[in-house]
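For reference, positions follow the sequence shown, starting with 1.
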Amino acid sequence: MQSARQQVLRTVNSTMVYTYFEIGKMIVEEEQSGKERAEYGKQLLKELSQQLTKEFGKGFSVDNLQNMRKLYLVYSISDSVSNISKEVNRKYETVSSIFQNESKEKLSKFTANFLLSWSHYIFLMSIEDVKERGFYEIESIRYRWSLRELKRQYDSALYTRLALSRDREGIKKLSERGQIIEKPKDIIKDPYILEFLGLPELNQYSESDLEEEIINKLEHFLLELGHGFTFVARQDRITFDDKHFRIDLVFYNRILKCFVLIDLKIGELKHQDLGQMQMYVNYYDREKRIEGENKTIGIILCQNKSNLVVEYTLPENNEQIFASKYKTVLPSKEDLIKLIS
C-alpha cells in the first residue's frame, strides 16, 4: 500500500514538472515573437497568471510562472544536465532528453520513474554552476533526498568537499556520475561537517560529549558519513592480555563490504592516535573479518591535524587509515572553493 502511494506521488510530481516545463516553453516562445521582449514578457506573465489562476486556481502566480520559464531555459538548452540514463544505474531518462522528446512513450517513462519534485527543481535552478547542479540532481535522485536533505547537503558544500580530493577529471566525473564509491578513499571527506550536533566550535567539550551527541543524532551522522553505512557498535571493547581498549564507533559499509572504525579526538592529532587506530584495524582484520569481506577502514576525526604527521606515521600507499578534520560549524563556501580554485 505504501509503495503504491509513493508511486502515485512520484507520478503526480513528475507530471506537474513536465506540465510546468511546457508552460515555460510556451512563455519563452511567445516572448520571442514579441517586439519589445522585456516589457512584453512582463505583461505576458501577468495576463497568463490571471488567466490560469481563474481557470485552474492557485499555483500560477507571476513568480511561479517565472520559475516555469526558467525551468525550460535551464533544462532544454543546457548540455550539462545530469545524464540520468547513464549515471543513475542506467534506469532513468535524462531530464533534457525527456523534455525535448514529447512522445507518449518518453513521457510515460518520465512519469513512471523520475523522482524529483517541483520544489527540488526550484532549489536546483538556483545553483548557477551547471556541474555542481548536475551532481546534486544525480545524488537527489539516486538516494531519494528530501528537499530538506538536499538543502543541508548543499549548505554543507558536499560537492566542493568531495572535489577537494580530486583532479579535474575526477571533478568532471562528480558532475556526470555523482559520488561513485569504488575504493576506501572514495568515502572520506575532509572536513566532515557536524553542525547538526549543535556544539559550538570554540566551546570546550570532551570526546564523550561528542560521541554522545553523534549517537543522539545518528541518522544525521550517517548521512554526513556518506552512502552505505550501517551502525554496528559504540565503545566496542577489545582486550589484549589484561589491557582493554575501546573503539569509539563501529560501522559497516555495505558498498565496500567492510567494517569502518571511527575514533574521536578532541584537539590536535598525535602519532600515537594513528598507531592506536592501526592496532584497531589489524584486530578487526584478523578477528572480525569473514571470508568475502574487504579490509577494515579506520577514520580518526579530530579538530586539527598535521598532514606531515599523518604522512610519516602511516605506511606508504596507505588505503586503510584516514585522518579527517571535523567542524561543528559550517565553513564558508568561499573558503572551501579557494582550496580547489
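Taking the salt bridge (charged side-chain N to carboxylate O under 4.0 Å, His left out) definition, one finds that Asp263 meets it with Lys265, sequence neighbours left out. Under the salt bridge (charged side-chain N to carboxylate O under 4.0 Å, His left out) criterion, Asp129 pairs with no residue at all, not counting sequence neighbours. Checked against salt bridge (charged side-chain N to carboxylate O under 4.0 Å, His left out), Glu207 has no partners two or more places apart in sequence or in another chain. Qualifying side-chain hydrogen bond (donor to acceptor under 3.5 Å, both in side chains) partners for Ser146, counting only residues two or more places apart in sequence or in other chains: none. For Asn294, the side-chain contact (heavy atoms from CB on, under 4.5 Å) criterion is met by Lys257, Cys258, not counting sequence neighbours. Evaluation of the side-chain contact (heavy atoms from CB on, under 4.5 Å) rule for Ser324 yields Ile188, Asp190, Tyr192, Leu301 as partners, not counting sequence neighbours. Not counting sequence neighbours, the partners of Ile122 by the side-chain contact (heavy atoms from CB on, under 4.5 Å) test are Asn64, Asn67, Trp118. Residues forming a side-chain hydrogen bond (donor to acceptor under 3.5 Å, both in side chains) with Asp236 (at least two apart in sequence, or on another chain): Tyr284. Qualifying salt bridge (charged side-chain N to carboxylate O under 4.0 Å, His left out) partners for Asp248, counting only residues two or more places apart in sequence or in other chains: none. Scored by the side-chain hydrogen bond (donor to acceptor under 3.5 Å, both in side chains) test, Glu211 finds Arg234, Gln235 as partners (sequence neighbours excluded). The side-chain contact (heavy atoms from CB on, under 4.5 Å) search around Asp241 returns none, not counting sequence neighbours.
Using a 4.0 Å cut-off between charged side-chain N and carboxylate O, Asp285 and Arg289 make a salt bridge.
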Without placing hydrogens or testing angles, list every side-chain donor-acceptor pair under 3.5 Å for residues 213-223, not counting sequence neighbours.
| unit_1 | atom_1 | unit_2 | atom_2 | d |
| --- | --- | --- | --- | --- |
| Glu213 | OE1 | Lys217 | NZ | 3.4 |
| Asn216 | ND2 | Glu212 | O | 3.3 |

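In this structure, a donor-acceptor pair under 3.5 Å is absent between the side chains of Tyr72 and Glu22.
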